There are 2 protein chains.
Amino acid sequence: MSARTSDSSREIPEATVARLPIYLRALTTLVEQGTATCSSEELAAAAGVNSAKLRKDLSYLGSYGTRGVGYDVDYLRYQIAREIGVTQDWPVVIVGIGNLGHALANFSGFRSRGFRVVALLDADPERRGERVAGVDVRDFADLDAIVREHGVAIGVIATPASAAQDVADRMVEAGISSILNFAPTVISVADGVDVRKVDLSIELQILAYHEQRKQAEATTRVASEVTA
Amino acid sequence: MSARTSDSSREIPEATVARLPIYLRALTTLVEQGTATCSSEELAAAAGVNSAKLRKDLSYLGSYGTRGVGYDVDYLRYQIAREIGVTQDWPVVIVGIGNLGHALANFSGFRSRGFRVVALLDADPERRGERVAGVDVRDFADLDAIVREHGVAIGVIATPASAAQDVADRMVEAGISSILNFAPTVISVADGVDVRKVDLSIELQILAYHEQRKQAEATTRVASEVTA
DNA sequence: ACGATTTTGTTCTCCCGTTCACAAACTCCT
DNA sequence: AGGAGTTTGTGAACGGGAGAACAAAATCGT
């Protein structure tokens, strides 16, 4: 075991990693439709990307296609799933069971993609005993025990912004090393811990910016037509 | 009106646009704390970015800082808000009032940032008459009338994946030109329509990939320590 | 009034990601 | 068997964003 650095040494670019789940979903749809093989062109169309980009992305994983033929849908699907790591089961805890926490707990896309919600936590005693999506809401203080028991590596923060940093600190302390943050605030964590954030209002604001530009351009065009 | 292309001709890079809302939020926090001025270093820290990047981002909007001093928090906040377009009021419709739709309708970050939910729509007759966050759930067929009446430009899709493309088509037809898509599927729209997507399971999968890598590296390290 | 100090705005360089274009490799048909 | 037709995988060119580094401009102290 020395010359064969074969497998895990390939460094996959971040932009590619972000697209692999999209390809995975497109392939799953194709499998359900009974499609056995597909070309890069077809798969790219289903994923909404350029076919050259798709091929380059896939090339980072290996050579799983056949020239002149295309890709075996089921085989490629498995390879991508394995590369992402969703062939194994990932226990997840959700902290903050408000409106959003409820929605997340009930989200079927978790379960179907290798994620299992092992605990719902909330600091508010009022919420305890409540049962959401078949899981009891428990005390946030139980975090340590739950992480240890289930070997949880991924935590989801669905609390108000004011609580997010504290929750993140406690998560990292408990041993969680990947955090998905829905709270509208920047959280800082130690090196080695990954944080991704999802912010509804930021997405809307980006749309608003472009919308404003579109509308401004439209009125400018009208104005110049009038003066012309 | 020819030499003075002054104002709206500045093309702001997409990466910068995506960060402006973060700066806006950080500035709002500073205002609430009663801070009058701040340096690029402080603001960058609050926003979780590099200070050089922050300054370059702000330079696309104009010269709103004072060398040797920093930025007037309230003034800069207003300038960014105006640039993004959140000084005006944006009417928004949400389609699909399931768990996620509920959470979105109740999300306070909408209202506080210039977005007003003018209608909640669902195709399921069961849901009608229900009242969420002070807004009645109405028939999806009313979309055209509502868009016309309120001048809605932004639509939010919170339906299952199977319905998303159809909803998007109807939205575009009704005159909506910016869509925020929460359904886990790729939707295609005409040119000139902006689509942004938020996908919970994709974010989790990206985290899973990195988590898997971290764990693989940890075991490799242990293995090599054993053989060493 | 003027130099020291602070902090912005901007230039320059590097790197990552996208896209084009084509060679390699496979199938199919004759 | 061999040529025509497909489709993948990749080398190379290109564009945009990130960060370092510095010049310009403001304040402050003497």
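Within every chain, numbering begins at 1; the chains are lettered A, B, ... in the order of the sequence lines, protein sequences first and strands thereafter. What you see is a predicted model; the values in this text were computed from it and never measured.
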Nearest-angstrom distance from the residue atom [atom1] of [X] to [atom2] of [N]:
X: B:E42; N: C:dT7; atom1: CD; atom2: P; value: 8 Å
X: A:L61; N: D:dT10; atom1: CG; atom2: C1'; value: 15 Å
X: A:I12; N: C:dG17; atom1: CD1; atom2: P; value: 12 Å
X: A:E11; N: C:dC16; atom1: CD; atom2: P; value: 11 Å
X: B:Y71; N: C:dT6; atom1: OH; atom2: P; value: 18 Å
X: A:L54; N: C:dG17; atom1: CG; atom2: P; value: 16 Å
X: A:E41; N: D:dG9; atom1: CD; atom2: C1'; value: 15 Å
X: A:D72; N: D:dT7; atom1: CG; atom2: P; value: 16 Å

Would you say the side-chain atoms of [X] and [Y] include a donor-acceptor pair closer than 3.5 Å?
X: B:D57; Y: B:T16; answer: yes
X: A:S39; Y: A:E42; answer: yes
X: A:R82; Y: A:Y78; answer: no

How do B:G65 and A:P13 order along DNA chain C: which one's closest nucleotide is nearer the 5' end?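 Here B:G65 is the residue nearer the 5' end.
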
Mind checking B:Y60 for me? I need base, sugar-phosphate or nothing, with any heavy atom below 4.0 Å counting as a touch.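 No contact.
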
Within the 4.0 Å heavy-atom criterion, would you say B:E14 contacts the bases, only the backbone, or no part of the nucleic acid?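 The answer is sugar-phosphate, as B:E14 gets under 4.0 Å only of primed atoms, P, OP1 or OP2.
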
I want to check one thing: is the phosphate of D:dT8, taken as OP1 and OP2, less than 4.0 Å away from some side-chain N or O of A:S40?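 Yes.
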
Counting N and O atoms only, with roles assigned by atom type, does the side chain of B:Q212 sit under 3.5 Å from a partner on the main chain of B:A208, one being a donor and the other an acceptor?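 Pair absent, no side-chain N/O of B:Q212 close to backbone of B:A208.
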
Between the main-chain N or O of A:S40 and the side-chain N or O of A:R55, is there a donor-acceptor pair closer than 3.5 Å?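 Between the backbone of A:S40 and the side chain of A:R55 there is no qualifying donor-acceptor contact (under 3.5 Å).
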
What one-letter contact string describes nucleotides 19-27 of chain D from 5' to 3', where B marks a base within less than 4.0 Å of any protein heavy atom, S marks contact via sugar-phosphate atoms alone, and - marks no contact? BSB--BBSS

Restricting to non-hydrogen atoms, name the atom on B:E41 and the atom on B:S51 that form the minimum distance, rounded to 0.1 Å.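 So the two residues come closest at OE1-OG, 3.5 Å.
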
Those residues that, when tested against B:R170, pass salt bridge (Lys or Arg N to Asp or Glu O under 4.0 Å) (two or more places apart):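 Scan of B:R170 (salt bridge (Lys or Arg N to Asp or Glu O under 4.0 Å), adjacent residues dropped) gives none.
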
